[in-house]
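Down below is the structure, laid out as structure tokens.
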Amino acid sequence: MSETTPTATHERAAGLPAEFTKPDAPRLSWWHGDGGEGARRNLGLLATLLVLVVIGILTRPDLYGDASWVWGNTLTILKLASVVGVVTVGMTFVIIGGGIDLSVGAIVALAGVWCTTVATQSYGAGGMIFSALTVGLGVGLVNGLLISYGRLVPFIATLAMMVAARGLAAEISDKQTQVSNDAFINGIASTNLLGIPLLVYILAGVVAAGWVLLNRTTFGRRTVAVGGNPEAARLAGIDVRRHTVLLYALSGLCCGIAAIMLTSQATSAQAAMANLYELDAIAAAIIGGTLLSGGRGTIVGSLLGVIIFSTITNLFAINGLSTEAQNMVKGGIIVAAVLVQQVQFGSVTQFLRRNRATTT
Amino acid sequence: MSETTPTATHERAAGLPAEFTKPDAPRLSWWHGDGGEGARRNLGLLATLLVLVVIGILTRPDLYGDASWVWGNTLTILKLASVVGVVTVGMTFVIIGGGIDLSVGAIVALAGVWCTTVATQSYGAGGMIFSALTVGLGVGLVNGLLISYGRLVPFIATLAMMVAARGLAAEISDKQTQVSNDAFINGIASTNLLGIPLLVYILAGVVAAGWVLLNRTTFGRRTVAVGGNPEAARLAGIDVRRHTVLLYALSGLCCGIAAIMLTSQATSAQAAMANLYELDAIAAAIIGGTLLSGGRGTIVGSLLGVIIFSTITNLFAINGLSTEAQNMVKGGIIVAAVLVQQVQFGSVTQFLRRNRATTT
Amino acid sequence: MTAGPLVEAPADAVAGEVVLRLTDVVKTFPGVRALDGVQLAVRAGEVHCLLGQNGAGKSTLIKVLAGVHRPDSGEVEWCGEPAGFANPQAAMRAGIATIYQELDLVEDLSVAENAFLGHEPRRFGFVRRGHMARRTRQILGRLGHPEIPPGRLVRHLPAAGKQIVSMARALSHEARLIVMDEPSAVLAHDEVGNLFRIIRELTAQGIAVIYISHRLEEIREIGDRVTVLKDGRTTAADLPARDTPTRDLVARMTGRTIEYVFPQRPADEPAGAELLRVDGLTRAGEFADVSLTVRAGEIVGIAGLVGSGRSELLETIYGARRAHAGSVRMGGRALRPGSVGAAVRAGLGMAPEERKSQALLLGEPIYRNVTLATFGRYARLGFTDVGRERAEADRIAASLELRPRDVRRPVRTLSGGNQQKVVVGRWLLGDTRLLLLDEPTRGVDVGARAELYQVIRALAARGVGVLLVSSEVPEVLGLADRVLVMREGRVVREAPAGDIDENTVLDLVMAGSLMEGTPA
Amino acid sequence: GCTSNETAPTAAQTKAAETGGNSEPGKKVTIGFSAPGADHGWIAAITNNAKAQAGAYSDVELKSVEAGADAAAQRAALSTLLSQKPDVIVLLPHDGKELNAFGLEAMKAGIPVVNLDRAFPDARAYRLQIKGDNYGMGVAAATFIAEQLKAKGVSNPVIGEIAGMDELELTQERSKGFADTLSSYGLKVANRRAARFTADSGQQEATGLFQALPRIDAIWNHDDDQGIGVLAAVNQANRKEFFMVGGAGSKKAMEDIRADNTVLKATVTYSPSMASSAISLARLIGQNRGMSDLVELQVPKEIVLASETITKENAGDYLKLGF
Ligand SMILES: Nc1ncnc2c1ncn2[C@@H]1O[C@H](COP(=O)(O)OP(=O)(O)OP(=O)(O)O)[C@@H](O)[C@H]1O
Ligand SMILES: Nc1ncnc2c1ncn2[C@@H]1O[C@H](COP(=O)(O)OP(=O)(O)OP(=O)(O)O)[C@@H](O)[C@H]1O
Ligand SMILES: [Mg+2]
Ligand SMILES: [Mg+2]
């Protein structure tokens, strides 16, 4: 081949597979293209979800025989996923941006407690929503400032915030469960539009907004850059610190939204609410394919992660599993879910490789 | 300066810190030398500890006036630190090796419950200790295998294990608190040697062993390599996977030891014991200077981290603070402790820099 | 797609037995055939050079040798026996030591621990620290660097020092074949000489060396025979290193003929307005009292040894570090110190020295890396326009001959030289008025290098000012209009490129070299 | 109470210092007090009641240490309390068995220990044990449910249970009492979900329960605080076919029962007023006095509060005891 004319060699690019010389070859493009791997991963998550549903059908054929029950149960699962889902969207941004937020559960509790104090409730639903969002945003901002400008490790800063915010929530509520008496707030959880709960719409809205923000805006691009390689981002002129502050503020804001949703569901708030949501949200994001070290992740994956977790919970409830059995099985399912994704990955690659080997 | 003779310039080495051109200059060598930065960090931690003691003295002069009380209180703090301390040593290895272990609290509970079942207790203290250590090691091994060979993200694998192990512990104990009737086991927590509790000796032993293991053995040095640059470790012929398995096994073993200590203290075990120890251990390690991303950390720093946390807890107890106040203050103290370390760092560097600038 | 006929050149008489023979080795990655039938024969006691464009498969090949990758097919014969190394240990045990292209050190281990990583001298699992330190000192001495303390953390070493440690690791094995993947890329001129001395020592003992470099002069100086790779295939094997004409080598590498020359300087001096003015810039311990100017359309080169503080100077001008004294003005207006954002807004751009840690998002697609500093321009109201972005990136990729050209591939899968092109390409977008280039051609192959030079010259012709740092003196002299020479943090000479020659620069620069224990 | 935003415990839950008898001021007594950090209304009421009761006596000084997350943390807090040598220690342990060793240690050191609510297995570990009847709660709830169902003539009734934190032994006792009594009527629990004593967890578990059981006849919810969430879930799921029994006896629950406009028809008490009683008795122990209404010269060793069933009929009487 070294004897052929230079031009010809160049044109034919002998050593490279065909699709590489043609920049926009459709073949394999879903695979290597924009977010291709994320999409593939999400397929794996959908498969896991399917398996869970099949398990549900096999274990409770009586319930799954009733179509209206199935529809209702699906909505229940989505409702169950809605609060953690909103928190997870914020968490996904933080993790993609190279951080972690252990304080989300505490922020939800603080915002919930704050907005249900007698004083706040006297301002009506508007005042309650405003105060929950403001508290969430504010605490998130403090997190961000401590991490960005105080140079605290995110793990430590948000752990400290988690402890402090729960303490403050207990102080404010005097450790009591505060009942919400606002019909509008309480109505959020029981309102349906076109047969679908309002909470599910809120989740969908937050997920959609998160998806657009991450994939279609400069904010999202900066997030990936800041998490993927902060030094490179800084040298490319991105204000890494300011962006980090914004990420934690965003997470706090999501917690504020979640606080209203949870308060509405429980028609009350207390300092111990949203227990261990940080773990749920982080786990959902990671199951969904977000890299804990930052720089990679998808909103859809996180959403699927949350839905998988709430489907598991639902599966346990409809089968009446005891708490300890639940826990043991849950551990196993988590491991299996992740392994399934990998097996799939391996076999798909192998399949492609074999395929290519024969066509080349 | 650009007009001076080359030799003169070279001698004074304007462009480079002096120690780099002069082979073994003693100046600054403590700083740039092996582990120098760790040592400096630990000084910062000691300073924090001192501040906490001073706060104790200022808030409770009556108690601190009594020397024997002070001594007794110090032992109380160390005893309090002992169980989490042992867990933290294992955790430090795991984190330095690039992982994380969320299951430590659950492993302690499982090992504790296992060794206090009626069947196990019938074998006496030896059988109980053996079974606790074996269970810890075994669960750690499973963690390691899942992560190394199952390629699960450590966060997810150990989260799943945390859930599952607590479930199994609840199953085994039938959700009852199991009382230990073994005089030897129960006696561990109440035995003093030369006026110092046996638990403190155990902590000291584990810390010393951990220090030697990390700093003086190939296992320890390879742990740093595996966490700091896994690719480099692999290229250097280190079996990264096997090493990872060993790290989690080590952490599990530490949990087994901790389980015996905690069971002895409580003269009983239950599935909910060692609640959130994972958070305590991770926080202590990070406060102690271990990088969450792996590749750096010291055993002494982790120990100091644990002691700082138990001193804070003790401070609250002697001042009778309410839980909510405790939490709020604790969050603040954690932030302050880390900030103090940084201020110190900054000023020392600045001092050195200024020093260098004037001598040049 | 069968392999073309190989050009078999007569083997050097001096070389010994064939210790390593590769036949038809193939290695594919998802979507890429990195090796597509490689032939290679290495003899004891020779320096066998591997040549090839960026992405030709050189690094992949040596990773197959080192047991990092398993070949898909083909045969590896080691000392006459068929051998496929299942893992790096196996290769090391067989006597193959490797210096990888990307530094493979552990930052938080000491020099000695890094040198002996994986085969530490030990007793009952305990590291024999004294013994290890002694042996490390020996090896460092052999490498001409007795001043590096074995106990120092590698984190505290400058880049050149790290390269020495990498070499020390290779020498710490009882190797019969040492593979060096672009070892000279981060070394200064005098260091390369040192390296060659060691290579000669090794070959004199009958040890075989595989040497990879994009600098043909080096191949001429140290090499015995050359194997050329192109697109994962051997296009020529066992050419005599010293007297194969450059044109031939380049043709076999690239499939065309490229004149390895610097673009013509414009006839008249660039008379553009002053863009950048740096006054008395100082960072204690790094550089002191640096003043310089760059005009629009002018290329200013900074020569100096590794460690002379040039990178720090560029980073300080760029706002990535905060100056202790002095000022930076851009177009007459002072730049806010310590703010990269301000610098970028003022029209500065920088291609930093360490591409992986400072410039690239390895997991992200190429186009997103190319547009990292400019994606805001393709956005409306904060919403990005991926199509336009990709088209622009595609244009840049084409102009730099990026390989492979698909800009949606993750940067991680690019070869070292192609990654460098992505970094430089980033600042060819947008309206950068002053470009700071730190070692822009490090690891870039001959063909692409010529293209990069053209691109830089073309930018200058458009009125962009360029401040260029390079450890390759000919590059600075050939490309720049004006040259500054730095030594130990200070500018010791400034002159138009025409008024200064390579020897003068080297003399100035060597007067106090970083790695030399005693001054010249 | 558990509900609304009011703060101080109602006077009804503490005992005003009457004149004469036991309330005569006596020797100054320092009482060390420790309860787990409050994460729900009942525990909060315990601490508040203890503080209020101590405040009602001029001769009592209360030294309170709250203990963090688990038994180990509480043990550490208690050892600092011990080092301050109070006259009596009142504690609500995280877990009686886990803190048994501490009880022994304190008693050995000559400090009488009053165990509140969660029993020590070893009789030498306490001077006085005062507790609610967890098993009895289950019995009372099951009895009410079984009788109601019998009265309604429901055959094969579907009974759900929403327990509290499953890792606590008291939850196990309650569930056991419930299951044992149901089976004596030939009934059983169809599905049991464990919540965490918080309203949001109650809502979540109840929602799961409703999914599992398309038709329900009765539910026992262990804790009225988490019951707020359970009732919210009832409304959200629009399920009205069953009736519900609560637990512990919060004021809001009693109000709801009296108003009779929710599915909540009864609650079985587990009153946090026991904390007030514990402080009163600890004071007497510290002063070496007996209970004036008893013949004995010393405070007895064990007191178990009966779990009463509050229904629409008697809710008015109990309202003042609701927390
Ligand atoms: N891990 C990988 N995954 C996918 N593709 C890879 C991987 N490693 C290398 N490649 C591809 O294999 C080909 C050969 O790369 P290699 O690194 O061997 O080139 P090289 O000759 O060393 O180039 P350079 O001179 O730039 O270092 C390139 O096309 C590269 O993109
Ligand atoms: N022991 C050390 N500890 C801390 N910093 C050091 C040490 N030795 C060198 N340095 C810093 O590293 C720099 C040398 O690093 P490097 O090899 O990257 O060279 P550079 O100054 O960036 O050079 P170039 O001029 O080649 O771009 C020195 O200027 C000095 O500031
Ligand atoms: Mg290469
Ligand atoms: Mg440099």
Side-chain angles (χ1 to χ4, degrees), chain A residues 60 62-63 66 69 72-73 76-77 79-80 83 108-109 112 116-119 121 166-167 170 172-181 186 189-191 197 199 262-277 310 313-324 326-327, chain D residues 1-8 37-45 47-48 68 160-161 163 165-167 171 189-214 224-233 235-238 250 252 323:
Chain A
R60 289 302 301 265
D62 52 329
L63 293 176
D66 175 358
W69 180 90
N73 195 47
T76 304
I77 292 175
K79 254 167 91 172
L80 179 60
V83 180
V108 171
T116 51
T117 55
V118 179
Q121 289 204 35
R166 289 249 184 235
I172 290 175
S173 66
D174 197 26
K175 297 179 267 184
Q176 306 291 323
T177 302
Q178 296 181 161
V179 174
S180 154
N181 298 313
N186 294 351
S190 41
T191 305
L199 288 176
L262 194 58
T263 302
S264 164
Q265 277 191 297
T267 65
S268 62
Q270 67 171 152
M273 81 202 280
N275 184 38
L276 294 185
Y277 273 28
S310 56
T313 308
N314 179 261
L315 202 57
F316 292 150
I318 62 175
N319 280 293
L321 249 62
S322 70
T323 317
E324 62 273 22
Q326 275 184 35
N327 286 339
Chain D
C2 87
T3 60
S4 321
N5 302 292
E6 63 194 276
T7 46
D39 51 7
H40 63 286
W42 189 84
I43 291 270
T47 307
N48 291 341
E161 181 183 358
M165 293 166 76
D166 225 8
E167 61 264 31
T171 299
V189 176
N191 197 331
R192 174 184 182 275
R193 306 278 87 213
R196 305 199 61 79
F197 286 146
T198 58
D200 63 323
S201 65
Q203 191 267 350
Q204 184 186 324
E205 295 304 335
T207 306
L209 187 77
F210 297 154
Q211 260 346 95
L213 306 174
D224 285 335
D225 233 30
Q226 79 185 15
I228 297 170
V230 176
L231 285 177
N235 285 333
Q236 286 152 20
N238 210 10
S250 76
K252 177 163 192 304
F323 62 92

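Each chain gets a letter, A, B and so on, in the order the sequences are listed, and its residues count up from 1. In this text the structure is predicted, and so the values were computed from the model without any measurement.
- Between the CD atom in Gln236(D) and the CZ atom in Phe210(D) there is a gap of 9.5 Å [rounded to 0.5 Å].
- In this structure, CH2 in Trp42(D) is found 9.5 Å from OG1 in Thr47(D), a value given to the nearest 0.5 Å.
- Partners of Arg192(D) by salt bridge (charged side-chain N to carboxylate O under 4.0 Å, His left out), not counting sequence neighbours, listed by chain and number: Glu161(D), Asp166(D).
- Contacts between Arg60(A) and chain D at a heavy-atom distance below 4.5 Å involve the side chain alone, from C-beta outward.
- In terms of non-hydrogen atom pairs under 4.5 Å with chain D, the most contact-rich of Leu321(A), Asn319(A), Thr191(A) is Leu321(A).
- Interatomic distance, CG of Asn235(D) versus OG of Ser190(A), reported as 7.5 Å (0.5 Å rounding).
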>> Ile318(A) vs Leu63(A), test: side chain to side chain contact (heavy atoms under 4.5 Å, CB included). Steps then yes/no.
In response: CA-CA 9 Å; Ile318(A) 62 175; Leu63(A) 293 176; 4.1 Å; yes
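- In summary, the side chains of Thr267(A) and Asn186(A) do not present any donor paired with an acceptor at a separation below 3.5 Å, with no hydrogens or angles considered.
- For Asp200(D), the parts sitting under 4.5 Å from any heavy atom of chain A are the backbone and the side chain alike.
- Most heavy-atom pairs under 4.5 Å with chain A, from the set Ala199(D), Pro214(D), Gly208(D): that is Ala199(D).
- At a 4.5 Å heavy-atom cutoff, the contact between Gln203(D) and chain A is made by side-chain atoms alone.
- Residue Thr76(A) touches chain D through its side chain alone, counting heavy-atom pairs closer than 4.5 Å.
- The contact between Ser264(A) and chain D is made entirely by backbone atoms, counting heavy-atom distances below 4.5 Å.
- For chain D, the nearby part of Asn314(A) is the side chain; its heavy atoms alone come within less than 4.5 Å.
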